[in-house]
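The next block holds one structure in the form of structure tokens; read it before the comments.
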Amino acid sequence: MKKLINSVDNVLNESLRGFGAAHSDIVSVNWEPKFVQRAGGTAKGKVALISGGGSGHEPLHAGFVGQGMLDAACPGEVFTSSTPDQMLAAAQAVDAGAGVLFIVKNYSGDVMNFEMAAEMYGEMHEGEQATVLTNDDVAVEDSLFTQGRRGVAGTVIVEKIVGAAAEAGADLATCKALGERVNAASGTMGVALTSCTVPAAGKPTFELAEDEMEMGVGIHGEPGRRRVKLMEADALAAEMIEAICKEDGPRSGDPVLLLVNGMGGTPLMELYLVYDAARRLCEERGLTIARSLVGDYCTSLDMAGCSITLTKVGDEMLGYWDAPVHTAALRWGV
Amino acid sequence: MKKLINSVDNVLNESLRGFGAAHSDIVSVNWEPKFVQRAGGTAKGKVALISGGGSGHEPLHAGFVGQGMLDAACPGEVFTSSTPDQMLAAAQAVDAGAGVLFIVKNYSGDVMNFEMAAEMYGEMHEGEQATVLTNDDVAVEDSLFTQGRRGVAGTVIVEKIVGAAAEAGADLATCKALGERVNAASGTMGVALTSCTVPAAGKPTFELAEDEMEMGVGIHGEPGRRRVKLMEADALAAEMIEAICKEDGPRSGDPVLLLVNGMGGTPLMELYLVYDAARRLCEERGLTIARSLVGDYCTSLDMAGCSITLTKVGDEMLGYWDAPVHTAALRWGV
Amino acid sequence: MEPETIKALIRRTHEVILAHAEELTDLDQAIGDGDHGINMKRGFDAIAAAADAIAELPCGKALEKAGMTLVMSVGGASGPLYGSLLMAMGKAMPEAPDSVGDIAKAFQAGVEAVMKRGKSEGGEKTMLEVLLPVATSLKDAGALDIGVLRKTADAGLASTKDMKATKGRASFLGERSIGHLDPGARSSALLIHAVCDVIEGK
Amino acid sequence: MEPETIKALIRRTHEVILAHAEELTDLDQAIGDGDHGINMKRGFDAIAAAADAIAELPCGKALEKAGMTLVMSVGGASGPLYGSLLMAMGKAMPEAPDSVGDIAKAFQAGVEAVMKRGKSEGGEKTMLEVLLPVATSLKDAGALDIGVLRKTADAGLASTKDMKATKGRASFLGERSIGHLDPGARSSALLIHAVCDVIEGK
Ligand SMILES: Nc1ncnc2c1ncn2[C@@H]1O[C@H](COP(=O)(O)OP(=O)(O)O)[C@@H](O)[C@H]1O
Ligand SMILES: Nc1ncnc2c1ncn2[C@@H]1O[C@H](COP(=O)(O)OP(=O)(O)O)[C@@H](O)[C@H]1O
Ligand SMILES: [Mg+2]
Ligand SMILES: [Mg+2]
Ligand SMILES: [Mg+2]
Ligand SMILES: [Mg+2]
């Protein structure tokens, strides 16, 4: 295993300390228990947004804490949901009287830990709270008979849009409803060229031959739909966009937000090339690319690969997307 | 070779097309010959900044075209300096009456191609022009007897600071002198955990064993000072910072800008961990970290690894660093 | 329960988890995300670190505290599930349990808490494949039969191999989850064996 | 010079570069950045594409146009260097060269342009290790001796192996550049051989 680390036991702490120091103008880090919150605190009367989950997906979620997006993020160990004490402490720190919205990716671990935190918070506080579950990953078929779809890169879009709404004064119920609409309007499909390696495991999560890819891979290296032979970017993007559009995805005439997301080990040059392919394919389908985002936003450690997300957007969502944001990983308008 | 591409011959064109489409609010792409310029053009009377060089270092340089930084960038083939016709056409397009400053990384190919372009431009135009050569890479020892040091990630800092000065109305001579001062104040050292793979070559530029690193690697996969055994991040950062500070680097009491730059295949989680190590080491040396930047800014295709840059900065440079910038890869204050 | 017995239980479960952490992670790499061994190790490290404080408590409270320790240190799916198991067992445990029936009842309450927390039942290729039959076997037993307990756990574990997962991370795999043991079922079996070891005085 | 001769020169140099592109890239991977074969291929593809237009021109202008084509298509170090070589040769070539002396003089002018552009001289482990001795050999020759030309080029190439590079990308390697042939010297030798092939009517 080749990683820029000291010992496998300190990866999260040291990385988080570096993150906090590099962005001390935007965030502050609380250590026992671990959570990241806005340096300036949450404005009184604003709905507080909290997300979190396993680490290894950087910049998700701590990189999205700041004006116009999250109020706090609770980083768990690598690929392991954070624990309820983190969420509880974060909620106490950022609740500004308008309630707390938990944004949770749909994994059993995340769901259960956030549920426990919400129960505990409910027992201790009068304040309102609500949860948005994200499950944008279209790779999981038959989702009715399982845990359901996974929450992946679409979560970033939910956090941005709901973050802007909260900043604009939307109340808790409105934020929750909006988050659920953004999630429902989003579909993501991922592909891996190489496995990721969990530091403490010390070896790749799965093996791929030199001529193989994993189509529909999860952001924890969970196996996907099927193992396929290496494909050209155009064919790859076509299969991914087909999978997104298939069920309830965007149709001709729909304006969409197109996110091409790197998995951590893929250079920007390739991501822009995939974006080029995705854009052409969307246009062939009659979709209008209203906004674009290309880069590493929801990663899987050192995995090479990418995901494509399409979110059907209307004017309201676009307005929130364009609203000012000032976080470590997304910044505009300020 | 595993890459998200169609054919090796179209990597640059397709990636550049994607880049242009994803950032059409910031840049426009000219195709014959290839260069990227600001969407709005260059304001009359502003010194025009042009950089360029081989592709494969994204976001360098096209990702730094925009308000407060470059006016144009000329992307060459992968790892191959761009050609004089590109620079010439770019200069003609962005010269706004206050002259053109070429920012060139010190490689024989880049230097010669820019020289030819400058000669041709000089023959055709009355306008002034000047060049800043960047050579911040401290890995090359004995630089007096060779081509000299290489220009690497410090180039980003030169482009940002001189870009802000040009935006503020500095004239050509001032911009050139400032660029040379920033370059002289910067030192960079890189390390590779894995080789990069040039698409057209189809195989890794060099081989590293599972327990080896290349210390002092170049951003084209040029071999470095020596091959070493895998080190912990702290030891690695210590050796890199020692190399930077050794000759003419920052001393106790100096305020510095600290850039931890990913080589393309390294996840953000590891970069922040290296930043944490670098920060501690700088503080032990009595350096004051005035500003920080962590991310992929000057990459080497899919290479795993990183570089550390320290730039000694005074108030003038800090003012320019903090000035608004609106490019695809760096954005603040707007 | 004697503090020494509680400490022995903590020591033995910790030992067993440490010894099998890599195996659990390997199983989780095949159909999950490769952290189950790491998660269990973190949780049982935390319990071991709190052993003195836990051992002072009455049996029920000790279980609750151990469960809460898991919840607050493990994360992932296994943290809330094993945490709920122990916390619910603790709540249901009489102050001085004096029969297999007491223990069976408490264990049953724990397993139900797992099902509630996980919104799951038997046959979904999870730790419940071990926990449910062990609960039944305890309930049905007149006296404690360690051999039967061990066999029941092993059989439950083995049964996960040919199952298709419909809960937990492995469910994303659909058919491809078939042919692998479930990591959580393996850790449950290990823990049952560890408890049996202590009862047998090993 | 006959258009057909120019076309034959273009065809043969193109063929040879295509056939050895991978070898050139391999050499450049060892002590450079692994693109020399790709660069040369791009340049000679461009010349071949312009063959008709180039072949119509008088010898000197044809060389200039071929050189400019390299400059505008290759990039890297080799583009300006080979470009300068051909452009300066073209400028120095009489309208109708009719002696080895004419060619020797033009070639000498080309090599000097390389040295000026590259700020380099012999002994630095570059293409000049081939170009310089070939220039000398041409100058000294009464009549054209193809065999000598080929040997001179090969010897120059071979000499780069034990040299330490002090120019170009390989110079960053210091001592570690020793033991490898220089890719640019190899492409120069290939081009000399290609020209010899045409002269010999191959
Ligand atoms: N809903 C559930 N009900 C019961 N057990 C579950 C459920 N979800 C997961 N598990 C168990 O948890 C185990 C995985 O634990 P672990 O790897 O620590 O967490 P994670 O899946 O979050 O990485 C699975 O092997 C399974 O036995
Ligand atoms: N300053 C120089 N003078 C003469 N030849 C040089 C010089 N720099 C580089 N070369 C030649 O160019 C060759 C490398 O060409 P190429 O790989 O195409 O360009 P780059 O080094 O820019 O990637 C070297 O092998 C060497 O022969
Ligand atoms: Mg996990
Ligand atoms: Mg090159
Ligand atoms: Mg797991
Ligand atoms: Mg080269």
Side-chain angles (χ1 to χ4, degrees), chain A residues 8-9 33 52-54 56 74 76-86 88 107-117 120 137 139-143 145-150 195-207 216-227 300, chain C residues 21-22 24-43 45-46 67-84 87 113-114 116-120 124-127 164-177 180 184:
Chain A
V8 293
D9 295 328
C74 307
E77 291 296 323
V78 173
F79 288 178
T80 302
S81 165
S82 32
T83 49
D85 51 333
Q86 296 175 262
L88 204 59
Y107 297 94
S108 36
D110 294 72
V111 170
M112 289 188 277
N113 282 286
F114 268 100
E115 247 172 41
M116 292 192 93
M120 293 174 192
D137 190 346
V140 181
E141 296 165 303
D142 299 333
S143 54
F145 308 103
T146 67
Q147 203 65 46
R149 295 162 156 201
R150 301 173 288 213
S195 172
C196 49
T197 298
V198 174
K203 56 183 193 296
T205 301
F206 56 93
E207 295 292 340
V217 74
I219 57 169
H220 308 86
E222 302 101 323
R225 287 190 173 191
R226 56 204 179 87
R227 193 141 299 183
S300 181
Chain C
E22 214 178 308
L24 293 173
T25 289
D26 285 348
L27 290 173
D28 200 31
Q29 282 198 324
I31 55 170
D33 59 350
D35 62 356
H36 189 54
I38 307 162
N39 290 346
M40 294 300 285
K41 176 176 178 308
R42 192 168 52 250
D45 281 350
M68 192 48 107
T69 304
L70 289 182
V71 168
M72 296 313 196
S73 63
V74 174
S78 48
L81 292 171
Y82 280 121
S84 299
M87 290 193 298
V114 170
K116 195 167 159 221
R117 179 59 65 203
K119 301 190 181 60
S120 47
E124 301 200 282
K125 192 177 181 118
T126 69
M127 55 176 71
K164 178 170 140 184
T166 55
K167 281 283 148 59
R169 217 176 277 280
S171 69
F172 302 133
L173 277 176
E175 301 290 334
R176 287 171 71 184
S177 66
H180 301 273

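Just so we're clear, the structure is a prediction, and the values are computed from it rather than from any experiment. Chain naming here is simple, since letters A, B, ... match the order of the sequence lines and numbering starts at 1 in each.
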Closest-packed option against chain C by number of heavy-atom pairs under 4.5 Å, given A:G218, A:P204, A:G216
A:P204
Of the listed A:G224, A:G221, A:G54, A:P33, the one with the largest count of heavy-atom pairs under 4.5 Å with chain C is A:G224
Can you name the nearest heavy-atom pair linking A:T205 to A:H220, along with the distance?
CG2-O, 4.4 Å
Return the set of residues passing salt bridge (charged side-chain N to carboxylate O under 4.0 Å, His left out) with A:D137 (not counting sequence neighbours), or none when no residue passes.
A:R150
Contact class of [X] relative to chain A, heavy atoms under 4.5 angstrom:
X	result
C:K119	side chain
C:R176	side chain
C:A30	backbone

Do the side chains of A:K203 and C:D26 get close enough for a salt bridge, i.e. N-O under 4.0 angstrom?
yes
Would you mind checking which part of [X] comes under 4.5 Å of any heavy atom in chain C, side chain (CB onward), backbone (N, CA, C, O), both or neither?
X	value
A:E115	both
A:F79	both
A:S82	backbone

Provide the full list of side-chain hydrogen bond (donor to acceptor under 3.5 Å, both in side chains) pairs with a residue in residues 74-84 of chain C, sequence neighbours left out, each pair given once.
C:Y82-C:S187, C:Y82-C:S188
Gap between atom CE of C:M40 and atom CG of C:L24 - 0.5 Å precision:
7.0 Å
Is a donor on one side and an acceptor on the other found under 3.5 Å between the side chain of A:N113 and the backbone of C:G76?
yes
